Amino acid sequence: MAIPNVRRFRIQGPAGQWATLMAVVPKGTDSDAYLEDAKKRFDWKAWEEMQNKQFKVRVGQQKQKKAK
C-alpha cells in the first residue's frame, strides 16, 4: 500500500549520479527550499556504499555442503 501525499524528487550528485528522494511535504511549504536543503544534507558517500552493497555478489557460500 502506498503512502499518500509522497512527493519524489530527483537530485544530482557531485560525480553526476542521480538519486531519488521521497518525502511528505506539508501543504504550504516551499518545496524548492526543501529540495535545496535536502541536496545540501544528502550523504552521497553512504548512498554510494549502499548501491555497491546492493549489487554485491557473494561467492562460495551457496556451494558449501554440510559434512556428515
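Keep in mind that what you see is a predicted model, and the values were worked out from it rather than measured.
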(message) Looking at K45 and E48, is any side-chain nitrogen of the basic one under 4.0 Å from a carboxylate oxygen of the acidic one?
(response) no
Side chain proximity check, [X] to [Y], heavy atoms < 4.5 angstrom:
| X | Y | answer |
| --- | --- | --- |
| Q17 | W44 | yes |
| F42 | I11 | yes |
| N52 | W47 | no |

Problem - hydrophobic_cluster_shared for F9 and M22, side chain cutoff 4.5 Å - result: no
Q. L35, V6: one ILVMFWY side-chain cluster at the under-4.5 Å cut-off?
A. no
Hits for salt bridge (Lys or Arg N to Asp or Glu O under 4.0 Å) against R41, two or more places apart or cross-chain, chain-then-number order -> D37
For E49, the salt bridge (Lys or Arg N to Asp or Glu O under 4.0 Å) test, sequence neighbours excluded, returns none
**Message:** Are there over 12 heavy-atom neighbours, none belonging to D43, within less than 6.0 Å of that residue's CG?
**Reply:** yes
CD of Q12 to CH2 of W18, rounded to nearest 0.5 Å, is 4.0 Å
One should read off an interatomic distance between K39 NZ and L21 CG, to the nearest 0.5 angstrom, of 9.5 Å
Applying side-chain hydrogen bond (donor to acceptor under 3.5 Å, both in side chains) to R8 and not counting sequence neighbours gives none
